[in-house]
Amino acid sequence: MNLTGRVAIVTGGSRGIGNAVARKLASLGADIVINYTSNAEVAKTAEEEIESLGVRCRSVKCDVSKFEEVQKMMDEVVEEFGKIDILVNNAGITRDGLLMRMKEEDFDAVVDINLKGVFNCTKTAAKYMMKKKYGKVVNMSSVVGIIGNAGQANYCASKAGVIGFTKATARELASRNININAVAPGFIETDMTAVLKDEVRDEMLKSIPKKSFGKPEDIANVVAFLVSDLSSYVTGQVINVDGGMVMQ
Ligand code: NAP
């Protein structure tokens with residue numbers, strides 16, 4: 001796989017899965033843009049690490065749930081890098097709670113970032129991809145968007161929405177040579193899952209045939225395939241990367 005000369009935007013690329021994806025794509029030669037909302041220092045360190053791999057990297061403060069901020073980021077990327085070849089919609093949050101206790105703002109925050117954020121970034125990046133007749137988009141869903149999970153109605157709804165969005169946009173943009181796929185991770189060791197109690201982790205482990213949790217690099221490897229030209233004939237698909245947790 002070779003991504004030399006490609007320009008990739010990885011949302012939420014300063015930490016966790018997004019950071020592993022950004023580093024993987026950089027190791028294959030792509031110039032990288034990462035965005036973040038809260039921690040500029042972490043993003044700066046990530047930017048320097050990625051640049052040390054011999055590519056250009058820029059970190060941008062941008063909340064994916066705000067359309068104007070996303071539009072500005074895309075315009076700036078094209079001004080500086082000339083194009084957008086690859087978009088990895090990875091930024092996401094959880095605000096877990098049982099339905100009866102879930103506050104309206106917890107539902108809205110999760111859907112705004114996890115689903116509307118994907119709309120905001122895809123719409124604004126696709127405009128540039130269409131002009132160049134080339135694009136690869138990968139959306140980060142989750143296996144719980146397929147099977148559901150008690151205590152995550154907001155998160156599961158957002159991730160199921162991402163799958164529908166992936167399939168609809170894949171159909172719309174296939175004729176423009178833009179491939180759009182989703183990855184559905186299972187349980188991956190990041191800050192997001194570090195907050196879970198040991199009992200929850202032990203219970204989850206029982207449902208994973210591979211009997212281990214995934215690493216961010218496991219997701220990054222599949223994303224690399226999906227943004228490379230090895231997957232030119234793959235679009236509108238959801239690939240589970242979950243140690244066999246969910247088999248369809
Ligand atoms: P993480 O470690 O919590 O990192 C989340 C990233 O998203 C951070 O870089 C964060 O930036 C960014 N982000 C959050 N809100 C944002 C916003 N409004 N605008 C822009 N960036 C924002 O999460 P992760 O575990 O790596 O998860 C990455 C993706 O994989 C998410 O979509 C998640 O739902 C999905 N996923 C994860 C798992 C898992 O087991 N970990 C399983 C299935 C799916 P800041 O540093 O600025 O906050």
Side-chain angles (χ1 to χ4, degrees), residues 9-24 32-47 50 59-74 87-96 106 108-121 124 138-149 152 154-163 165-166 182-196 200-201 204-205 207-208 212-220 222-223 238-243 245-246:
I9 299 179
V10 183
T11 68
S14 59
R15 297 190 279 129
I17 292 171
N19 186 246
V21 169
R23 282 187 284 112
K24 180 72 189 177
I32 305 288
V33 176
I34 56 176
N35 79 332
Y36 66 97
T37 47
S38 56
N39 200 328
E41 226 168 278
V42 171
K44 194 71 200 160
T45 305
E47 185 184 306
I50 291 165
S59 60
V60 183
K61 189 173 192 314
C62 168
D63 181 339
V64 295
S65 69
K66 308 264 166 54
F67 189 85
E68 288 74 23
E69 284 187 29
V70 172
Q71 179 75 71
K72 186 167 169 280
M73 174 176 72
M74 298 299 174
L87 168 66
V88 182
N89 283 311
N90 163 82
I93 61 163
T94 50
R95 293 275 187 280
D96 296 351
D106 293 332
D108 289 346
V110 168
V111 171
D112 281 354
I113 292 171
N114 297 8
L115 181 56
K116 191 171 171 236
V118 175
F119 164 80
N120 290 342
C121 294
T124 49
V138 177
N139 298 325
M140 211 54 77
S141 180
S142 167
V143 290
V144 300
I146 300 166
I147 60 170
N149 192 24
Q152 290 196 305
N154 49 0
Y155 185 76
C156 296
S158 72
K159 294 300 185 181
V162 164
I163 292 174
F165 183 85
T166 300
V183 170
F187 189 109
I188 310 299
E189 302 263 26
T190 66
D191 294 346
M192 186 178 272
T193 45
V195 295
L196 296 174
V200 178
R201 293 166 68 91
M204 287 218 169
L205 204 50
S207 68
I208 304 173
S212 63
F213 296 129
K215 301 261 171 285
E217 290 72 22
D218 295 318
I219 307 301
V222 176
V223 172
V238 183
I239 302 189
N240 297 359
V241 186
D242 62 354
M245 200 175 176
V246 175

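Values reported hereafter were calculated over all heavy atoms of this structure, with side chains retained and with hydrogens, waters and symmetry mates removed. Each ligand, and each atom within it, is numbered from 1 in the order the structure gives.
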For Phe187, the ring-ring contact (aromatic ring centres under 6.0 Å, His included) test, sequence neighbours excluded, returns Phe213
* To do: Could you check if a side-chain atom of Cys121 sits within less than 4.5 angstrom of a side-chain atom of Ile9, using non-hydrogen atoms only?
  => no
* **Salt-bridge present (Glu47, Lys44; N to O < 4.0 Å)** => yes
Q. Are Val110 and Thr94 close enough, and set up right, to give a side-chain contact (heavy atoms from CB on, under 4.5 Å), and what steps lead you there?
A. CA-CA 6 Å; Val110 168; Thr94 50; 5.8 Å; no
Side chains of Ile208 and Asp242: does their closest heavy-atom pair fall under 4.5 Å? no
Could you pull out the N/O contacts under 3.5 angstrom between ligand 1 and the surrounding protein atoms?
residue	atom	partner	partner atom	Å
ligand 1	9 (O)	Gly12	O	3.1
ligand 1	9 (O)	Ser14	OG	3.4
ligand 1	18 (N)	Asp63	OD1	2.8
ligand 1	19 (N)	Val64	N	3.0
ligand 1	25 (O)	Thr190	OG1	2.5
ligand 1	26 (O)	Ile17	N	2.8
ligand 1	32 (O)	Asn90	O	2.7
ligand 1	32 (O)	Lys159	NZ	2.9
ligand 1	34 (O)	Tyr155	OH	2.5
ligand 1	34 (O)	Lys159	NZ	3.1
ligand 1	36 (N)	Tyr155	OH	3.4
ligand 1	40 (O)	Gly186	O	3.4
ligand 1	40 (O)	Ile188	N	2.8
ligand 1	40 (O)	Ile188	O	3.3
ligand 1	41 (N)	Ile188	O	3.3
ligand 1	41 (N)	Thr190	OG1	3.2
ligand 1	46 (O)	Arg15	NE	2.8
ligand 1	46 (O)	Arg15	NH2	3.3
ligand 1	47 (O)	Thr37	N	2.6
ligand 1	47 (O)	Thr37	OG1	3.1
ligand 1	47 (O)	Ser38	N	2.7
ligand 1	47 (O)	Ser38	OG	3.1
ligand 1	48 (O)	Arg15	NH2	3.0
ligand 1	48 (O)	Ser38	OG	2.9

Side-chain (Asp96) to main-chain (Gln152) donor-acceptor, under 3.5 angstrom:
no
